[in-house]
Amino acid sequence: MKQNITALLMDWNIRFNKRQMPWKGEKDPYKIWLSEIILQQTRVEQGLSYYERFIATYPTITDLANANDEAVFKLWEGLGYYNRCKNLLHTARIISNELDGNFPNTYDTIVSLKGIGPYTAAAISSFAFNLPYAVVDGNVFRVLSRLFAIDTPIDSTVGKQQFTLLAQEVLDKKNAALYNQAIMDFGATVCKPANPQCNTCPLQAVCKGYSKALVNKLPVKEKVLLKKNRWFYYFIIQYKDSVLVEKRTSRDIWENLYDFYLLETAEQIAWNMATAEQWLFQQFGIDKANVLSISPLQKQQLTHQLIKGQFIKVSISSIPKNLSKSQWQPLKDLQQLAFPKFINQYLELNN
Ligand code: SF4
């Protein structure tokens with residue numbers, strides 16, 4: 001299965017990947033390093049102009065090493081996290097003074113440089129030197145956790161080890177640069193956080209998260225469960241006289257209670273009939289969803305968390321394949337199940 005996934009990702013990359021990045025295909029380790037450091041805590045749109053200004057002002061690592069601190073910090077202004085800039089200068093000077101300005105070309109030496117962690121080292125090693133090191137960024141965590149239906153929290157120590165090993169196994173070792181870029185682009189454009197394009201995804205047939213209808217529950221993050229504000233969007237999917245229900249797992253609030261199909265997001269989503277329909281199509285291939293209602297915003301304060309969310313009631317005319325094994329509860333027996341107060345409040349108002 002792993003080889004199959006690698007081949008499918010590479011095939012997607014050749015046929016469909018249209019994502020443009022100014023540093024894509026770049027082979028100069030200095031430029032790759034610079035772009036990765038800028039993007040560590042900065043969004044691509046914001047980081048782009050900084051990257052271009054840095055390259056224009058300091059075209060080589062020696063130029064950067066010879067610059068005075070003030071000028072470099074001035075150029076960095078607005079990006080924040082100034083430690084990144086300090087480490088950048090420090091490392092540029094080490095490479096310039098001790099290595100004759102030649103960027104090291106082994107993973108172990110690269111990862112030993114100040115300010116370069118395993119992710120950045122893998123990115124430089126693979127993109128510049130095509131060395132077989134898999135990058136594991138947020139996109140890769142998400143894609144792998146869904147493809148293999150792994151619910152180990154990605155921000156736990158065990159999770160980081162597990163996903164790093166898996167990423168290394170799935171890596172196309174002969175084409176590490178191309179593959180690493182492909183899986184990150186795939187995560188950014190197809191297997192997106194809240195709106196993955198499952199319906200048209202070329203990896204759907206091998207995706208365990210999809211076949212088990214777990215896509216929106218993956219990846220699991222320990223920190224999300226401890227977050228103070230959470231957005232819950234419940235899809236009440238009705239087929240004939242039944243409704244899709246799910247039993248909640250023990251790791252989270254409302255342990256062992258029932259709920260409806262949940263999409264939890266980090267931020268609020270402004271739903272309307274059209275976006276809800278589109279979402280159902282992209283997620284499940286439901287093309288004749290009839291969105292019956294979208295509830296007003298509802299809130300519930302728990303001891304350590306504020307839950308906010310909405311209920312989107314939908315009727316469908318056939319059950320999508322990956323929901324066929326889910327629990328479809330007859331509407332007349334809904335009251336036999338125990339729901340959390342957040343859901344009961346809605347049901348009381350809407351029955
Ligand atoms: Fe991601 Fe969906 Fe494709 Fe699976 S089917 S890889 S969850 S987009």
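Being a predicted model, the structure only gives us computed values, none of them experimental. We count ligands from 1, going down the list as the structure has it; atoms in each ligand are counted the same way.
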**OP:** For R146, take its heavy atoms, then give the atoms of ligand 1 lying under 4.0 Å from any of them.
**Re:** 7 (S)
Subject >> Among I55, I124, T60, side chain to side chain contact (heavy atoms under 4.5 Å, CB included) partner for K31 >> reply: I55
**OP:** Write out the residue and atom name of the closest protein heavy atom to atom 2 (Fe) of ligand 1, then the distance separating them to 0.1 Å.
**Re:** C198 SG, 2.4 Å
Original post:
With under 30° as parallel and over 60° as perpendicular, where do the rings of F186 and W12 fit, or are they tilted in between?
Top reply: perpendicular
Subject >> D155/K221 ion pair, N-O < 4.0 Å >> reply: no
Original post:
What are the atoms of ligand 1, with element, lying closer than 4.0 Å to any heavy atom of V215?
Top reply: 7 (S)
Original post:
Numbering the atoms of ligand 1 from 1, which are under 4.0 Å from a heavy atom of C207?
Top reply: 4 (Fe), 5 (S), 6 (S), 7 (S)
**OP:** Would you check if atom 3 (Fe) of ligand 1 lies under 2.8 Å from any N, O or S atom of C201?
**Re:** yes
Original post:
For ligand 1, which atoms sit closer than 4.0 Å to a heavy atom of L147?
Top reply: 6 (S)
Original post:
Is any N, O or S atom of C191 under 2.8 Å away from atom 1 (Fe) of ligand 1?
Top reply: yes
Original post:
Is any side-chain N of the basic residue among R248 and E255 closer than 4.0 Å to the acidic one's carboxylate O?
Top reply: no
**OP:** Give the numbers and elements of all ligand 1 atoms closer than 4.0 Å to a heavy atom of Q204.
**Re:** 5 (S)
Subject >> Over-ring placement of K27 relative to F103, 6.0 Å and 45° cut-offs >> reply: no
Original post:
Taking the six-membered ring of Y81 as reference, does the NZ or CZ atom of R84 fall below 6.0 Å from its centre and within a 45° cone about the axis?
Top reply: no
